[in-house]
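Shown next, in structure tokens, is the structure this report addresses.
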Amino acid sequence: MFNQSGQVIGIDTAIYSPNGGSVGIGFAIPSSVVTKVVAQLREHGKVERGWLGVAMQPLTPALASAIGQPKAEGVIVDKVMADSPAAKANLKQAT
């Protein structure tokens with residue numbers, strides 16, 4: 001994928017097409033992500049992704065009200081996995 005100046009800005013990965021043609025909604029990986037992935041593949045032969053070790057759920061208006069939050073924005077921590085980076089950082093489940 002290129003911008004109007006001809007610079008690479010992403011790598012196309014999929015196109016959702018209602019009729020099977022090459023028109024529809026395109027999905028792409030930003031070139032900044034691709035650069036890091038390629039570097040990891042060259043150096044290590046695999047890609048490593050960050051992992052926090054939490055499960056989250058959207059903060060709905062009902063949940064926000066129940067936990068005393070003025071706005072229903074973001075997520076709440078639903079579960080912290082044992083021995084995860086989140087557990088070691090003392091992140092806690094919302095109560």
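Note that the coordinates shown come from a computational prediction; the quantities given were computed from them, not determined experimentally.
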Value for CD (Gln4) from CD1 (Ile9), rounded to nearest 0.5 Å, stands at 9.5 Å
Mind listing the closest non-hydrogen atom pair of [X] and [Y] along with its distance?
X: Gln57; Y: Leu63; result: NE2-CD1, 2.9 Å
X: Val80; Y: Val54; result: CG2-CG1, 4.3 Å
X: Ser84; Y: Trp51; result: CB-CH2, 3.5 Å
X: Val8; Y: Phe2; result: CG2-CE2, 3.4 Å
X: Ala86; Y: Gly53; result: CB-O, 4.2 Å
X: Met1; Y: Asp12; result: CE-OD1, 3.1 Å

Heavy-atom donor-acceptor pair, Gln40 side chain to Glu48 backbone, under 3.5 Å
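Flag set: sc Gln40 to bb Glu48 pair under 3.5 Å.
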Is there a donor-acceptor pair under 3.5 Å between the side chain of Ser65 and the backbone N or O of Pro61?
no
Non-neighbouring partners of Val34 that pass side chain to side chain contact (heavy atoms under 4.5 Å, CB included), sequence neighbours left out
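Here the qualifying residues are Ile11, Ile29, Val38.
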I'd like to know whether Val75 forms a side chain to side chain contact (heavy atoms under 4.5 Å, CB included) with Leu59, so could you lay out the CA-CA distance, the side-chain angles of the two residues, the decisive distance to 0.1 Å, and finally the verdict.
CA-CA 5 Å; Val75 298; Leu59 184 59; 5.8 Å; no
Taking ILVMFWY side chains as joined if any heavy atoms are under 4.5 angstrom apart, and letting links pass through other members, which residues group with Ile25?
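When side chains under 4.5 Å apart are linked, the cluster holding Ile25 also contains Tyr16, Phe27.
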So if you build clusters from Ile, Leu, Val, Met, Phe, Trp, Tyr with side-chain heavy-atom gaps below 4.5 Å, do Leu52 and Met81 land together?
no
Taking CG in Asp83 as the centre, count heavy atoms belonging to other residues, nucleotides or ligands within less than 6.0 Å. Is the count above 12?
no
Residue pair Met56, Asp78: steps toward the side chain to side chain contact (heavy atoms under 4.5 Å, CB included) verdict:
CA-CA 5 Å; Met56 298 171 283; Asp78 191 42; 5.8 Å; no
